[in-house]
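Quick caveat: nothing in here was measured; it's all calculated off a predicted structure. Per chain, numbering begins at 1; letters A, B, ... match sequence-line order.
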2 protein chains.
Amino acid sequence: MSETDLPDGADVDLGPLPRLLGYALRRAQLAVFQDFHRVFADVDIRPAQFSVLTVLRHTPGLRQSQVSEALGIKRTNFVALFDTLEARGLARRERVADDRRAFALYLTEEGAGLLGRMQALLVAHEKHFIDRIGADGRETLLALLHRLSD
Amino acid sequence: MSETDLPDGADVDLGPLPRLLGYALRRAQLAVFQDFHRVFADVDIRPAQFSVLTVLRHTPGLRQSQVSEALGIKRTNFVALFDTLEARGLARRERVADDRRAFALYLTEEGAGLLGRMQALLVAHEKHFIDRIGADGRETLLALLHRLSD
DNA sequence: TATTGTTATACTCTATAACTATA
DNA sequence: TATAGTTATAGAGTATAACAATA
């Protein structure tokens, strides 16, 4: 190994960094998203895509701008994201009768089916972290996170 | 406004999404990083740059690979990041005597000075969120986050 | 042979300006 | 004039492969 007494990268003391909310949040989010990618690699669904499909199942017929704004995705970036879902046959755009500029968004049957099958993956993914902090820890964490992002 | 009864984007019900750890973490991290950018815009320092400077103050003389690995930054991406800090005169590379492949990294006096002045910004930034969740909430949150990112 | 730092490169995510078709 | 969706584009952030110098 090393000739010095210096620790290797994994053991370096980060000083005050782990006490900073932003740093701790970034590391935690990275860990959770990495697990998401691992679990959902088979179905080739990324977090943002999953969030869109989930919103459409919960509230079908929302307009494109409503979905993108609610999820914090710029409407300009939402276009390609939804194009991908549509090209895969998981969701579709439908013209709105009383405003021909707008699209109403829906899951396809295939999209609903895939989302249904993904619930098992989602449970496994969440469980991986509930096992670390407990059900109570999860509730506490969610409440604190919501108060940060009000 | 709209002719329909549909809520606008900000009021769309996201369904089960806010109950998911990954989603809640992403939204919280976004809120905190946006505040970081707002507070540190004047000094033109980004979160990753701040983390490097902070580690170098706490442990001067670490090798480039140690810093990048400890912070979860690929060594290949660390090069340009540190080049920027060096070009701004905030940090420097120094050849290591017993391993001429490696660089030891240090803050410059200017870097230490800037980091010192940034402590006030950092306190204001953290306070913005401590005001929302309380000092106890912060301790609880940090503990939970660390257990997620073990 | 392995490691440290580097370059080149590509892919995702995010952000802004400008366009179209409708309202 | 304003809005919904779109295109083009540019900047971050992140990932891999391959190289030079050194161990």
Looking at A/Asp83 and A/Arg93, does any basic side-chain N land under 4.0 Å from a carboxylate oxygen?
-> yes
Within residues 135-150 of chain A or reaching into it, pairs that qualify as salt bridge (charged side-chain N to carboxylate O under 4.0 Å, His left out) - sequence neighbours excluded | A/Glu126-A/Arg138, A/Glu139-B/Arg19
Nearest-angstrom distance from the residue atom CG of A/Leu81 to P of D/dT7 | 14 Å
Atom CZ of A/Phe36 and atom P of C/dT12: how far apart are they, to the nearest Å?
-> 16 Å
Taking side-chain contact (heavy atoms from CB on, under 4.5 Å) as the test, write out the residues that go with A/Thr59, two or more places apart.
-> A/Leu62
Please determine if a side-chain N or O atom of A/Arg93 lies less than 4.0 Å away from the OP1 or OP2 oxygen of D/dT6.
-> yes
Atom pair distance, as rounded to whole Å: CZ in B/Phe78 and P in C/dG5 | 9 Å
Please identify each residue that fulfils side-chain contact (heavy atoms from CB on, under 4.5 Å) with B/Thr76, with sequence neighbours left out.
-> B/Lys74
Kindly write out the residues that satisfy salt bridge (charged side-chain N to carboxylate O under 4.0 Å, His left out) with B/Asp99, not counting sequence neighbours, or none if the list is empty.
-> B/Arg63, B/Arg101
Taking only the side-chain heavy atoms of B/Arg100 (C-beta and beyond), determine which of D/dA4, C/dT4, D/dT22 contains the nearest atom.
-> D/dT22
Go through the steps for A/Thr54 and B/Tyr23 under the test side chain to side chain contact (heavy atoms under 4.5 Å, CB included), then give the verdict.
-> CA-CA 12 Å; A/Thr54 298; B/Tyr23 184 81; over 6 Å; no
D/dT14 P sits how many Å from A/Arg27 CZ, rounded?
-> 10 Å
Side-chain donor or acceptor of A/Arg101 under 3.5 Å from a matching atom on the base of D/dT3?
-> yes
Of all residues at least two apart in sequence or in a different chain, which pass the salt bridge (charged side-chain N to carboxylate O under 4.0 Å, His left out) check with B/Arg88?
-> B/Asp44
Does B/Gln66 make a side-chain N or O approach to OP1 or OP2 of C/dT4 shorter than 4.0 Å?
-> no
Separation of C/dG5 C1' from B/Arg63 CZ (nearest whole Å) | 12 Å
Pick the nucleotide of DNA chain C nearest each of A/Asp99 and B/Val79; which residue has the one closer to the 5' end?
-> B/Val79
Hey, what are the protein-to-nucleotides 13-18 of chain C N/O distances that come in under 3.5 Å?
from: C/dA15; atom 1: N7; to: A/Asn77; atom 2: OD1; distance (Å): 3.3
from: C/dA15; atom 1: N7; to: A/Asn77; atom 2: ND2; distance (Å): 2.9
from: C/dA15; atom 1: N6; to: A/Asn77; atom 2: OD1; distance (Å): 2.8
from: C/dT16; atom 1: O4; to: A/Thr76; atom 2: OG1; distance (Å): 3.0

Round to the nearest Å and state the distance from A/Glu69 atom CD to D/dG5 atom P.
-> 11 Å
